[in-house]
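Structure, as structure tokens:
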Amino acid sequence: MELDHTHIPQHIAIIMDGNGRWAKRRGLPRTAGHVEGVEAVKRITEACVRLGVKYLTLYTFSTENWNRPAEEVSALMGLVLTNLEEEIFMKNNVRFRVIGDIKRLPDDVQQRLWQVIENTADNDAMTMVVALSYSARWELTKAVKDIIWEMKKTSLTRAAIDPEEITEETIAQHLETYFMPDPDLLIRTGGEQRISNYLLWQVAYSELYFCNTFWPDFNEEDLRAAIADYQQRERRYGKTSEQVQENTNN
């Protein structure tokens, strides 16, 4: 599929849905779907680097997923540990980052995550961000708490916090994603059409793309189809088409 390489989204976020249903259709345990899902991650990471995407954020494990059967959670943590191969990052010059309530993860998983973060810190072709033990409501709640604590520390002489000091920029700087731009394109695989508590603040103006393909089957052609669809859209941010065109011409 032919793409306009001058109009590649800078940041793509993906809700990787359908691993369990992919496995069920094949008479396999759900964990088999997660194993194949890891292979899809590797394919899409390499494809994004080739296309010039600068940030790829993957919704891997939500805070709600802790409510899944213990054996599935354990298997997922094991997959994170065994498949977090530095080769995929070093070979493609990809920096690795994590967002989420990492302290809830097993110690060995935490240690491995920080190791890969440190070892890939100088890579600059693309940043791949994994959302682990993450939910947007948790993130926003944490941001509010952090802002209040910071303002208390710097405002000991005042009786109250001035609400006017809290701006959109203040909130954005306290989110897990403070180090990167908001997603241009959000893709969800697996046929569902909802955001599922993912990057609620950040996707306010993202283009949304839903497809029926289960994540283990998602490939570069599917990615290119999503980007091609994105390239046909006009991002107005509340402006009229005429205003957007005028700004483009200027």
Side-chain angles (χ1 to χ4, degrees), residues 3 5-16 37-62 79-81 83-102 105 109-136 138-139 142-143 169 171-189 195 198-209 215 218-220 222-224 226-227 230-231 235:
L3 296 174
H5 288 274
T6 67
H7 188 38
I8 298 295
Q10 181 182 20
H11 182 179
I12 296 177
I14 304 180
I15 300 175
M16 306 179 294
V38 170
E39 295 305 311
V41 168
K42 295 175 182 178
R43 288 196 302 269
I44 298 307
T45 299
E46 292 180 339
C48 282
V49 172
R50 284 195 296 271
L51 290 169
V53 175
K54 290 302 179 184
Y55 296 89
L56 173 65
T57 304
L58 304 173
Y59 202 6
T60 304
F61 188 84
S62 71
L79 276 175
V80 171
L81 203 56
N83 288 281
L84 198 57
E85 302 168 359
E86 289 184 35
E87 179 186 358
I88 185 70
F89 302 109
M90 303 311 290
K91 182 175 71 173
N92 295 285
N93 194 22
V94 171
R95 180 174 64 154
F96 178 73
R97 295 291 294 265
V98 182
I99 59 174
D101 190 3
I102 308 303
L105 300 174
V109 174
Q110 290 187 48
Q111 290 170 10
R112 181 60 178 144
L113 290 171
W114 293 122
Q115 180 183 31
V116 178
I117 289 170
E118 181 179 352
N119 292 345
T120 64
D122 294 331
N123 294 349
D124 59 7
M126 185 181 78
T127 299
M128 196 255 267
V129 182
V130 171
L132 274 172
S133 188
Y134 169 91
S135 79
W138 164 84
E139 177 185 36
K142 179 179 180 294
E169 184 178 359
I171 295 172
Q173 289 173 345
H174 287 80
L175 296 177
E176 293 283 288
T177 55
Y178 68 90
F179 59 90
M180 61 180 173
D182 292 339
D184 301 297
L185 172 63
L186 170 65
I187 300 170
R188 179 166 186 153
T189 64
I195 304 302
Y198 183 43
L199 300 176
L200 296 181
W201 176 281
Q202 297 88 338
V203 300
Y205 284 102
S206 301
E207 297 298 325
L208 309 182
Y209 180 86
W215 176 248
F218 197 80
N219 57 32
E220 184 169 353
D222 296 307
L223 175 67
R224 293 173 73 91
I227 295 174
Y230 163 86
Q231 292 181 342
R235 306 186 74 195

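In this structure, Glu207 contributes its side chain and Leu186 its backbone to no donor-acceptor pair below 3.5 Å. Side-chain N or O atoms of Glu139 include one that pairs as donor or acceptor with a backbone N or O of Glu176 at under 3.5 Å. With hydrogens and angles ignored, the 3.5 Å screen pairs no side-chain donor or acceptor of Asn123 with any backbone N or O of Asn93. A donor-acceptor contact shorter than 3.5 Å is absent between the side chain of Arg97 and the backbone of Ile117. A donor-acceptor pair under 3.5 Å is formed between the side chain of Ser206 and the backbone N or O of Pro183. A donor-acceptor pair is defined here as one N or O able to donate and one able to accept, closer than 3.5 Å; no such pair exists between the side chain of Trp215 and the backbone of Thr189. Checked by atom type and distance alone, the side chain of Asn119 never pairs as donor or acceptor with a backbone atom of Val116 at under 3.5 Å. Side-chain atoms of Gln110 come within 3.5 Å of backbone atoms of Leu105 as a donor-acceptor pair (strictly under, hydrogens ignored). Judged purely by atom type and a 3.5 angstrom limit, His11 uses its side chain to pair as donor or acceptor with the backbone of Pro181.
Contact annotation: the side chain of Met126 approaches that of Thr45 to within less than 4.5 Å [non-hydrogen atoms, C-beta and beyond]. A 4.5 Å side-chain heavy-atom check between Leu223 and Ile12 finds at least one atom pair inside the cut-off. Here the side chains of Val130 and Phe96 are in contact, with some heavy-atom distance below 4.5 Å. You'll find the side chain of Glu220 stays beyond 4.5 Å of the side chain of Glu46, heavy atoms only. The side-chain heavy atoms of Trp138 and Asp101, taken from C-beta on, include a pair separated by under 4.5 Å. Counting heavy atoms from C-beta on, the side chains of Val94 and Leu56 never come closer than 4.5 Å. Looking only at side-chain heavy atoms (C-beta outward), Met16 and Ile44 stay at 4.5 Å or farther from each other. Side-chain contact between Val98 and Val129: absent, with no pair of heavy atoms (C-beta onward) separated by less than 4.5 Å.
Residues meeting the ring pair (Phe, Tyr, Trp, His ring centres under 6.0 Å) test with Tyr209, sequence neighbours left out: none. Every residue two or more places apart in sequence or in another chain that forms a side-chain hydrogen bond (donor to acceptor under 3.5 Å, both in side chains) with Arg112 is listed here: Glu86, Gln115. In this view, His174 satisfies the ring pair (Phe, Tyr, Trp, His ring centres under 6.0 Å) rule with no residue, not counting sequence neighbours.
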Full working for side-chain hydrogen bond (donor to acceptor under 3.5 Å, both in side chains) between Arg95 and Thr127: CA-CA 5 Å; Arg95 180 174 64 154; Thr127 299; 3.1 Å; yes
Check the pair Leu51 / Arg224 against side chain to side chain contact (heavy atoms under 4.5 Å, CB included), numbers first and verdict last. CA-CA 9 Å; Leu51 290 169; Arg224 293 173 73 91; 3.4 Å; yes
Report the C-alpha distance between His7 and Ile227 in whole Å, list the side-chain angles of each, state the deciding distance to 0.1 Å, and finish with yes or no for side chain to side chain contact (heavy atoms under 4.5 Å, CB included). CA-CA 9 Å; His7 188 38; Ile227 295 174; over 6 Å; no
Evaluate the criterion salt bridge (Lys or Arg N to Asp or Glu O under 4.0 Å) for residue pair Lys42 and Glu39; output intermediate values, then yes/no. CA-CA 5 Å; Lys42 295 175 182 178; Glu39 295 305 311; 3.5 Å; yes
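Closest non-hydrogen pair, Phe179 versus Ile99, comes out as CE2-CG2, 4.2 Å. Annotation for Leu132 and Ile102: closest pair O-CD1, 4.0 Å, computed over non-hydrogen atoms. Gln202 and Leu175 get closest at one heavy-atom pair: NE2-CD1, 3.7 Å. Across every non-hydrogen atom of Lys54 and Asp124, the tightest pair is NZ-O, 4.4 Å. Here the closest heavy-atom approach between residue Phe89 and residue Thr120 is recorded as CB-CG2, 3.8 Å. Between Ala40 and Phe218 the shortest heavy-atom distance is CB-O, 4.1 Å.
With rounding to the nearest 0.5 angstrom, the OG1 atom of Thr57 is 11.5 Å from the CD1 atom of Ile15. Of the inter-residue distances, the one linking Gln10 atom CD with Leu185 atom CG reads 13.0 Å to the nearest 0.5 angstrom. One finds the OG1 atom of Thr177 at 11.5 Å from the CD atom of Gln173 (value rounded to the nearest 0.5 Å).
Note on ring orientation: taking the six-membered ring where Trp is involved, the planes of Tyr59 and Tyr198 are parallel (angle under 30°, cut-offs 30° and 60°).
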